[in-house]
Novice: 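I'd like to ask some things about the structure below.
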Amino acid sequence: MDMHTVVVGTSGTTAEDVVAVARHGARVELSAAAVDALAAARLIVDALAAKPEPVYGVSTGFGALASRHISHELRAQLQRNIVRSHAAGMGPRVEREVVRALMFLRLKTVASGHTGVRPEVAQTMADLLNAGITPVVHEYGSLGCSGDLAPLSHCALTLMGEGDAEGPDGTVRPAGELLAAHDIAPVELAEKEGLALLNGTDGMLGMLVMALADLKNLYTSADITAALSLEALLGTDKVLAPELHAIRPHPGQGVSADNMLRVLAGSGLTGRHADVTGDAPRVQDAYSVRCAPQVNGAGRDTLDYAAVVAGRELASSVDNPVVLPDGRVESNGNFHGAPVAYVLDFLAIVAADLGSICERRTDRLLDKNRSHGLPPFLADDAGVDSGLMIAQYTQAALVSEMKRLAVPASADSIPSSAMQEDHVSMGWSAARKLRTAVDNLARIVAVELYAATRAVELRAAEGLVPAPASQAAVAALRAAGAEGPGPDRFLAPDLAAADTFVREGRLVAAVEPVTGPLA
């Protein structure tokens with residue numbers, strides 16, 4: 001586990017802190033200001049609970065049952081029951097990092113002092129994270145409105161010592177046993193606390209934050225692989241000139257062009273088409289080569305917009321009702337996931353398009369009629385072996401799935417809770433399919449990398465000199481175990497090694513000593 005500590009205050013958190021806690025096991029600590037804010041808000045809730053007038057979430061039922069006033073003696077049972085009844089998720093378990101992000105982001109909102117939760121409940125949430133106890137959360141159960149209800153309910157169930165959870169050793173056990181083994185007392189929920197633990201966009205937000213971190217690496221990796229493919233196809237780097245991108249000033253486009261230009265610095269292959277192949281001079285490269293900065297760059301700009309939305313949500317307190325600074329407790333609709341759902345879907349669209357253009361370049365590298373002198377399918381002995389023919393099939397299958405995953409979830413809505421919750425965001429569903437899309441995109445980029453490095457090696461064997469950054473990428477990939485085909489090698493392409501190489505950021509790390517930091 002990461003031993004550094006993330007301090008949770010009253011003003012939200014950062015994307016870096018979410019990743020540190022969710023993926024790297026960073027410890028969590030409540031700030032003194034957060035503890036004070038929690039205590040102050042709780043005094044307001046306790047005062048309202050003592051009044052005869054019904055207050056939603058404090059002394060009433062929930063959703064379509066909000067009209068019923070709940071007597072004092074039944075309120076603890078009400079809070080337990082909302083957690084138990086809402087913990088109705090089904091399907092496969094959600095990944096540990098997603099559940100940790102979910103728990104941490106709920107703690108972030110609780111610590112803001114706008115929920116009315118007692119300090120001891122917030123501390124128990126932090127204790128669970130620090131103990132490495134991860135509630136069992138299921139794939140299905142959130143409509144992305146009124147919060148990620150079922151997922152958050154399963155987390156709250158663990159706080160109560162009920163249901164199942166995974167311990168730090170990876171074994172799933174009854175939550176009560178795990179809490180006892182770590183000297184954590186189960187929480188007895190008071191007024192409003194059950195509702196406050198369930199009513200947030202935390203699951204979809206956590207998945208958005210982690211997708212942005214992964215996509216940042218993949219977009220830089222895709223700039224590198226696009227440059228390698230351009231080089232292997234003997235394309236021209238003139239289209240990457242800064243002055244061309246300055247007259248269409250989309251920021252991401254300029255960044256991608258600069259990345260590619262730096263990877264290609266010192267190449268002896270670019271612009272050599274007619275010299276090497278004897279063909280007629282090529283006026284322009286194909287769109288998939290020439291327009292890489294435009295496509296990659298538009299995706300980068302989309303990532304930047306999504307990061308703005310994520311930043312706003314990370315600074316938000318999402319609950320219903322909320323405790324306002326002037327002491328009012330007001331109902332609201334801030335739990336609606338629309339802002340997050342839209343950008344989750346937008347990212348799935350640009351990821352699909354990036355995957356598509358990567359695959360088109362791979363196909364061009366493998367086609368002897370369009371590769372300008374490379375052997376069919378980059379095979380060592382075409383006909384005796386099939387080279388990377390089926391690697392491209394695999395990539396094409398992934399691209400096809402990416403297109404299906406790009407269909408927006410947020411365009412759908414289905415009413416629930418007896419038509420009280422009659423418009424929902426489907427943001428959790430958008431986040432789940434984006435996770436699959438990001439996973440697929442890493443594989444797609446890895447296939448292009450595998451093909452492009454093989455093609456660059458073949459050009460080098462012809463006596464041409466690849467760019468120093470290209471040589472560094474080839475050497476690092478081979479050292480990582482992704483051997484290219486050859487007469488004395490096993491012919492099956494090691495795409496798994498290339499996939500790991502890309503998704504762990506090792507491609508970027510391999511070329512940056514030559515290019516300098518890439519964006």
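Throughout, residue positions are numbered sequentially from 1 according to the sequence presented. As the structure is a prediction and not an experimental result, all values here were calculated from the model. All values below were derived from every heavy atom in this structure, side-chain atoms included, with hydrogens, water molecules and symmetry-related copies excluded.
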Novice: Given 3.5 Å as the limit, does a donor-acceptor pair link the side chain of His154 with the main chain of Gly89, or not?
Specialist: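 A pair under 3.5 Å: yes.
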Novice: Just by distance, do the side chain of Arg262 and the backbone of Pro517 share a donor-acceptor pair under 3.5 Å?
Specialist: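 Indeed, once roles are kept as given, a pair shorter than 3.5 Å links the two residues.
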Novice: Passes side chain to side chain contact (heavy atoms under 4.5 Å, CB included), Val18 versus Leu105? Steps please.
Specialist: CA-CA 8 Å; Val18 174; Leu105 288 169; 3.8 Å; yes
Novice: Please examine the side chains of Pro151 and Val94, heavy atoms only from C-beta on, and report whether any two atoms are closer than 4.5 Å.
Specialist: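 Val94 vs Pro151: side chains apart.
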Novice: Please report the shortest heavy-atom distance between Gly141 and Ala150, naming the atom on each side.
Specialist: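 Where Gly141 meets Ala150 most closely, the heavy atoms are O-CB, 3.2 Å.
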Novice: Hey, could you give me the CD1/OG1 distance between Ile349 and Thr302, rounded to the nearest 0.5 Å?
Specialist: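 It comes to 9.0 Å.
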Novice: Charged N to carboxylate O below 4.0 Å: is that the case for Asp319 and Lys192?
Specialist: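 A salt bridge is present here (some side-chain N lies under 4.0 Å from a carboxylate O).
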Novice: Give the minimum heavy-atom separation between Asn296 and Ser256, together with the two atoms involved.
Specialist: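 Smallest heavy-atom distance, with atoms named: CB-OG, 3.4 Å.
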Novice: Hey, what do you get for CG (Leu195) to CD1 (Ile82), rounding to the nearest 0.5 Å?
Specialist: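 If I round to the nearest 0.5 Å, the distance is 5.0 Å.
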Novice: For Arg118, does its backbone N or O pair with a side-chain atom of Arg42 as donor and acceptor, under 3.5 Å?
Specialist: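 A pair under 3.5 Å: no.
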Novice: Could you measure the distance from the CZ atom of Arg443 to the CD atom of Glu401? Nearest 0.5 Å is fine.
Specialist: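 So the CZ of Arg443 and the CD of Glu401 are separated by 9.0 Å.
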Novice: Ion pair present between Lys108 and Asp17, side-chain N to carboxylate O less than 4.0 angstrom?
Specialist: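 Looking at Asp17 together with Lys108, the answer is no, because their closest N to O distance does not fall below 4.0 Å.
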Novice: Between Arg300 and Asp223, does at least one N-O distance fall below 4.0 Å, as a salt bridge requires?
Specialist: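 So Arg300 pairs with Asp223 through a salt bridge.
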Novice: If you round to the nearest 0.5 Å, how far is CG of Leu507 from CG of Leu228?
Specialist: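 One gets 7.5 Å once the value is rounded to the nearest 0.5 Å.
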Novice: Examine distances only and state if a side-chain atom of Asp494 and a backbone atom of Ala497 form a donor-acceptor pair shorter than 3.5 Å.
Specialist: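 Answer holds: yes.
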Novice: Quick check: do Leu30 and Leu107 have side-chain heavy atoms less than 4.5 Å from each other?
Specialist: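 They are in contact (side-chain heavy atoms under 4.5 Å apart), so the answer is yes.
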Novice: Between Arg75 (side chain) and Glu191 (backbone), is there a donor-acceptor pair under 3.5 Å?
Specialist: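 Not at all, since once roles are kept as given, no pair shorter than 3.5 Å links the two residues.
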Novice: Any donor and acceptor pair, going by atom type alone, linking the side chain of Glu29 with main-chain N or O of Thr5 inside 3.5 Å?
Specialist: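 No.
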Novice: For residues 170-190, run the donor-acceptor check on the side chains, cut-off 3.5 Å, and write out each pair with its distance to 0.1 Å, sequence neighbours left out.
Specialist:
residue : atom : partner : partner atom : Å
Thr171  : OG1  : Asp169  : OD2          : 3.4
His182  : ND1  : Leu178  : O            : 3.0

Novice: Could you report the tightest heavy-atom contact between Ala39 and Pro119, atom names first, then the distance?
Specialist: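 Answer, listing the atom of Ala39 first, then Pro119: N-CG, 3.8 Å.
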Novice: Does a side-chain N-to-carboxylate-O contact under 4.0 Å join Arg23 and Glu95?
Specialist: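 Not counted as a salt bridge, because no side-chain N and carboxylate O are separated by less than 4.0 Å.
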Novice: Working to the nearest 0.5 angstrom, can you tell me the gap between Asp202 CG and Met207 CE?
Specialist: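 These two atoms lie 10.5 Å from each other.
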Novice: Between Arg80 and Glu193, does any NZ, NE, NH1 or NH2 come within less than 4.0 Å of an OD or OE carboxylate oxygen?
Specialist: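 Here Glu193 does not pair with Arg80 in a salt bridge, since their nearest N and O are not under 4.0 Å apart.
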Novice: Mind running side chain to side chain contact (heavy atoms under 4.5 Å, CB included) on Ser425 and Met204 for me, showing each step along the way?
Specialist: CA-CA 11 Å; Ser425 77; Met204 63 184 91; 4.2 Å; yes
Novice: Hey, does Leu314 have a side-chain heavy atom less than 4.5 Å from the side chain of Thr14?
Specialist: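 Answer no - side chains too far apart.
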Novice: Please determine whether the number of non-hydrogen atoms from other residues, nucleotides or ligands lying under 6.0 Å from atom CZ of Phe346 exceeds 12.
Specialist: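 12 or below, so no.
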Novice: Hey, does the side chain of Trp428 reach the backbone of Glu139 with a donor-acceptor pair shorter than 3.5 angstrom?
Specialist: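 Checking the backbone N and O of Glu139 against the side chain of Trp428, a donor-acceptor pair under 3.5 Å is found.
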Novice: Got a donor-acceptor contact below 3.5 angstrom from the Asn130 side chain to the Arg27 backbone?
Specialist: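 Not at all, since once roles are kept as given, no pair shorter than 3.5 Å links the two residues.
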Novice: Val309 versus Tyr342: any side-chain heavy-atom pair under 4.5 Å?
Specialist: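 A side-chain contact under 4.5 Å is absent here.
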Novice: Return the minimal non-hydrogen interatomic distance between Thr201 and Gly337, and the atom names on each side.
Specialist: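 Of all heavy-atom pairs spanning Thr201 and Gly337, the closest is CG2-CA, 4.0 Å.
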Novice: Given side chain to side chain contact (heavy atoms under 4.5 Å, CB included), test Glu313 with Val318 step by step and report yes or no.
Specialist: CA-CA 8 Å; Glu313 199 75 359; Val318 179; 3.8 Å; yes
Novice: Does this structure show an ion pair linking Glu53 with Lys51, if we count only N-O contacts that are shorter than 4.0 Å?
Specialist: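 No, this pair does not count.
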Novice: If every non-hydrogen atom of Ser316 is compared with every non-hydrogen atom of Thr109, which pair is closest and at what distance?
Specialist: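 Looks like O-OG1, 3.7 Å.
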Novice: Taking the six-membered ring for Trp, are His423 and His336 parallel (under 30°), tilted (30 to 60°) or perpendicular (over 60°)?
Specialist: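 Geometry flag for His336 against His423: parallel rings.
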Novice: Counting C-beta onward and ignoring hydrogens, is there a side-chain heavy-atom pair between Val308 and Arg312 closer than 4.5 Å?
Specialist: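 Yes, side chains in contact.
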Novice: Of the options Leu344, Asp345, Val438, which is the one that meets Lys433 in a side-chain contact (heavy atoms from CB on, under 4.5 Å)?
Specialist: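 In the set Leu344, Asp345, Val438, the residue that makes a side-chain contact (heavy atoms from CB on, under 4.5 Å) with Lys433 is Asp345.
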Novice: So which of Asn217, Asp214, Asp439 actually passes side chain to side chain donor-acceptor pair (under 3.5 Å) with Arg503?
Specialist: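 Running side chain to side chain donor-acceptor pair (under 3.5 Å) over Asn217, Asp214, Asp439 with Arg503 returns exactly one hit, Asp439.
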Novice: So, for Asp148 and Ser142, which heavy atoms are closest and what is the spacing to 0.1 Å?
Specialist: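 Here Asp148 and Ser142 meet closest at OD1-OG, 2.6 Å.
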Novice: Should Thr158 and Ile133 count as side-chain neighbours, where that means a heavy-atom distance under 4.5 Å?
Specialist: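 With C-beta onward as the side chain, the pair touches.
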Novice: First locate atom CG of Leu48, then atom CG of Leu43, and finally report the distance between them rounded to the nearest 0.5 Å.
Specialist: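 The CG atom of Leu48 sits 11.0 Å away from the CG atom of Leu43.
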Novice: Could you tell me whether a side-chain N or O of Thr115 sits under 3.5 Å from a main-chain N or O of Ala111, the two making a donor and an acceptor?
Specialist: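 Such a contact is absent between Thr115 side chain and Ala111 backbone.
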Novice: Going by the side-chain contact (heavy atoms from CB on, under 4.5 Å) test, name the single residue among Met103, Arg106, His86 that passes it with Leu152.
Specialist: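 Exactly one pass, corresponding to Arg106.
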Novice: Does atom CD1 of Ile414 have more than 12 heavy-atom neighbours from other groups under 6.0 Å away?
Specialist: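 No - once you tally the heavy atoms of other residues, nucleotides and ligands closer than 6.0 Å, there are 12 at most.
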Novice: Considering only heavy atoms from C-beta outward, does the side chain of Thr515 approach that of Glu512 to under 4.5 Å?
Specialist: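 Side chain of Thr515 against side chain of Glu512, heavy atoms only: contact under 4.5 Å found.
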Novice: State whether the side chain of His114 and the backbone N or O of Ser317 hold a donor-acceptor pair below 3.5 Å, judged by distance alone.
Specialist: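 No, His114 side chain to Ser317 backbone: no donor-acceptor pair under 3.5 Å.
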Novice: Please evaluate residues Thr134 and Leu129 with respect to the criterion side chain to side chain contact (heavy atoms under 4.5 Å, CB included), reporting the C-alpha separation (whole Å), side-chain torsions for both, the decisive distance (0.1 Å), and the verdict.
Specialist: CA-CA 7 Å; Thr134 307; Leu129 286 165; over 6 Å; no
Novice: Within the structure provided, determine whether Val137 and Val98 are in side-chain contact (heavy-atom separation under 4.5 Å).
Specialist: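 They are not in side-chain contact.
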